[in-house]
Amino acid sequence: MPLLTGAEPFRHEGGQTAVLLCHGFTGSPQSMRPWAEHLAERGLTVSLPLLPGHGTRWQDLGVTGWQDWYAEVDRELRLLRDRAARVFVAGLSMGGALALRLAALHGDAVSGVMVVNPANRVHGVAAHALPVLRHLVPATKGIASDIAKPVTRELGYDRVPLHAAHSLRNFFRLVDSELPQVTQPLLLMRSPQDHVVPPADSARILSRVSSTDVSEVLLEQSYHVATLDYDAELIFRESTAFIGRLAPGAVREPGLGKEGTTAGG
């Protein structure tokens with residue numbers, strides 16, 4: 001199937017500090033692209049892959065599972081490690097869970113973690129029925145585009161395939177068991193008004209990670225897809241400050257050369 005316009009992956013070759021961005025379940029790189037472009041403009045190497053089954057039609061997602069989604073970001077991380085001295089991982093919603101697993105399993109290969117409204121479990125009565133329900137009903141209503149900002153839309157599916165949702169549920173359980181292995185500096189940004197992921201997910205993550213350098217930022221004006229919402233600029237500022245603190249000299253102002261040097265100098 002052809003890609004939806006705007007769902008294309010994003011890559012930028014910058015300096016020796018890289019950021020791997022992971023989009024959310026049923027979404028696409030479109031929800032993260034402004035963040036990716038902001039980081040790229042500041043001299044960072046950036047990778048924002050398209051996860052398998054996403055960016056086309058919801059039926060394609062139904063024949064994939066968490067192993068496919070995680071394998072894609074794991075491969076991207078390894079590629080970035082081959083060409084960059086430091087790699088940060090970041091994610092929105094399920095992408096946050098992907099980023100946290102990368103940190104848990106790759107240890108010192110990940111310099112820091114930045115997550116926005118990270119998901120930790122599938123909620124509701126239907127979640128417990130998924131093992132059976134997925135064989136009876138192919139899909140349910142979509143979760144995309146929970147955004148406070150008028151007119152702004154997330155490019156995501158209008159249906160959630162239940163086979164994929166069941167796999168996601170299993171993935172969250174796995175990541176939850178691995179959270180104590182996360183020791184890297186963590187920046188967690190969350191929206192108090194989130195109609196997809198409740199505050200309990202962020203609280204659970206913060207209570208289980210072993211990181212000692214932890215920052216929590218509230219996105220007061222945004223809903224779930226905060227990377228496209230009123231607080232997008234706050235996310236961009238906080239993340240660049242986080243990277244700049246942990247990797248001095250890595251972040252530059254637009255118009256300068258790599259790693260803070262003057263272009264052509």
Side-chain angles (χ1 to χ4, degrees), residues 9-12 14 16-25 27-29 31-32 35-36 39-40 44-54 64-121 167-190 197 201-202 204-206 208-215 227 235 238-239 242-243 246-247 250:
F10 175 88
R11 289 179 178 83
H12 173 77
Q16 282 295 303
T17 298
V19 183
L20 170 58
L21 296 162
C22 310
H23 69 75
F25 183 63
S28 74
S31 64
M32 306 282 279
W35 192 4
L39 297 171
L44 301 165
T45 291
V46 180
S47 175
L48 170 54
L50 172 66
L51 300 179
H54 293 76
T64 67
W66 74 259
Q67 295 91 341
D68 303 299
W69 315 324
Y70 180 75
E72 181 67 19
V73 297
D74 185 84
R75 182 182 68 85
E76 287 292 325
L77 176 61
R78 294 174 189 276
L79 291 173
L80 290 173
R81 284 294 300 169
D82 287 342
R83 59 91 57 225
R86 297 170 295 263
V87 182
F88 291 81
V89 295
L92 167 67
S93 194
M94 177 190 76
L98 291 169
L100 287 163
R101 186 166 205 246
L102 288 171
L105 299 190
H106 285 273
D108 292 342
V110 173
S111 297
V113 186
M114 304 173 291
V115 292
V116 176
N117 293 322
N120 180 256
R121 61 175 294 190
S167 183
L168 179 65
R169 178 173 177 255
N170 292 337
F171 178 62
F172 286 156
R173 288 179 170 179
L174 175 65
V175 175
D176 187 71
S177 71
E178 295 169 341
L179 286 176
Q181 297 170 229
V182 177
T183 60
Q184 298 89 341
L186 171 63
L187 171 62
L188 188 149
M189 297 171 277
R190 66 174 181 87
V197 174
D201 284 32
S202 287
R204 173 77 176 177
I205 290 167
L206 291 173
R208 289 187 57 75
V209 298
S210 298
S211 307
T212 56
D213 182 344
V214 177
S215 302
T227 49
I235 292 170
E238 291 287 344
S239 60
F242 179 76
I243 295 168
L246 297 170

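If you're wondering where the values come from, they're calculated on a predicted model, not measured in any experiment. Excluded from the calculations below are hydrogen atoms, water molecules and symmetry mates; all remaining heavy atoms, backbone and side chain alike, are included.
Atom CG of Asp82 has more than 12 heavy atoms from other residues, nucleotides or ligands within 6.0 Å. Around the CZ atom of Arg173, the shell of radius 6.0 Å holds no more than 12 heavy atoms that belong to other residues, nucleotides or ligands.
Closest approach of Thr183 and Ser211 over heavy atoms only: C-OG, 3.5 Å. Annotation for Ala250 and Leu44: closest pair O-CD2, 3.7 Å, computed over non-hydrogen atoms. Of all non-hydrogen atoms in Pro118 and Gly96, the two that sit nearest each other are CB-CA, 4.3 Å. Residues Ala18 and Leu80 come closest through the heavy atom pair CB-CD2, 4.0 Å. A pairwise comparison of heavy atoms in Ala103 and Val182 identifies CB-CG1, 4.3 Å as the closest pair. Closest approach of Ser202 to Leu188, counting heavy atoms only: OG-CD2, 3.5 Å.
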Could you please spell out the steps behind the side-chain contact (heavy atoms from CB on, under 4.5 Å) verdict for Ile243 and Leu39? CA-CA 10 Å; Ile243 295 168; Leu39 297 171; 4.1 Å; yes
Can you list the steps and then say if Met94 with Leu98 is a side-chain contact (heavy atoms from CB on, under 4.5 Å)? CA-CA 6 Å; Met94 177 190 76; Leu98 291 169; 4.1 Å; yes
Show the numbers, then the answer: is there a side-chain contact (heavy atoms from CB on, under 4.5 Å) between Trp35 and Val116? CA-CA 11 Å; Trp35 192 4; Val116 176; 3.9 Å; yes
Walk me through it: do Gln184 and Phe88 pass the test side-chain contact (heavy atoms from CB on, under 4.5 Å)? CA-CA 10 Å; Gln184 298 89 341; Phe88 291 81; over 6 Å; no
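Side-chain contact check for Arg75 versus Leu79: some heavy-atom pair is nearer than 4.5 Å. By the 4.5 Å heavy-atom criterion applied to side chains, His54 and Ser28 are not counted as neighbours. Side-chain contact between Val89 and His106 is absent, with no heavy-atom pair separated by less than 4.5 Å. Counting heavy atoms from C-beta on, the side chains of Val73 and Leu77 never come closer than 4.5 Å.
One distance of note links CZ of Phe172 with CZ of Phe25; it measures 8.0 Å at 0.5 Å rounding. For the atom pair CG (Asn117) and CD1 (Ile235), the distance works out to 7.5 Å, reported to the nearest 0.5 Å. Residue Arg190 holds its CZ atom at 11.0 Å from CD1 of Ile205, rounded to the nearest 0.5 Å. Remark: Leu187 CG to Glu238 CD distance equals 6.5 Å, nearest 0.5 Å. The CG atom of Leu186 sits 11.5 Å away from atom OG of Ser210, with the distance rounded to the nearest 0.5 Å. The structure places CZ of Arg101 at 8.0 Å from OG of Ser177, a figure rounded to the nearest 0.5 Å.
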Please tabulate, one pair per line, all N/O donor-acceptor pairs under 3.5 Å involving side-chain atoms of residues 45-52, not counting sequence neighbours.
residue, atom, partner, partner atom, Å
Thr45, OG1, Gly14, N, 2.8
Thr45, OG1, Gly14, O, 3.4
Thr45, OG1, Gly15, O, 2.8
Thr45, OG1, Arg83, NH1, 3.1
Ser47, OG, Glu76, OE1, 2.6

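Between Phe171 and Tyr70, the angle of the ring planes lies from 30° to 60°, which puts this pair in the tilted group.
Looking at Arg78 and Asp74, a side-chain N of the basic residue comes within less than 4.0 Å of a carboxylate O on the acidic one, giving a salt bridge. For the pair Asp176 and Arg208, the salt-bridge criterion is met [side-chain N within less than 4.0 Å of a carboxylate O].
Applying the side-chain hydrogen bond (donor to acceptor under 3.5 Å, both in side chains) criterion to Asp213, with sequence neighbours excluded, gives Arg245.
The main-chain N or O of Trp66 is found under 3.5 Å from a side-chain atom of Ser167 such that the two form a donor-acceptor pair.
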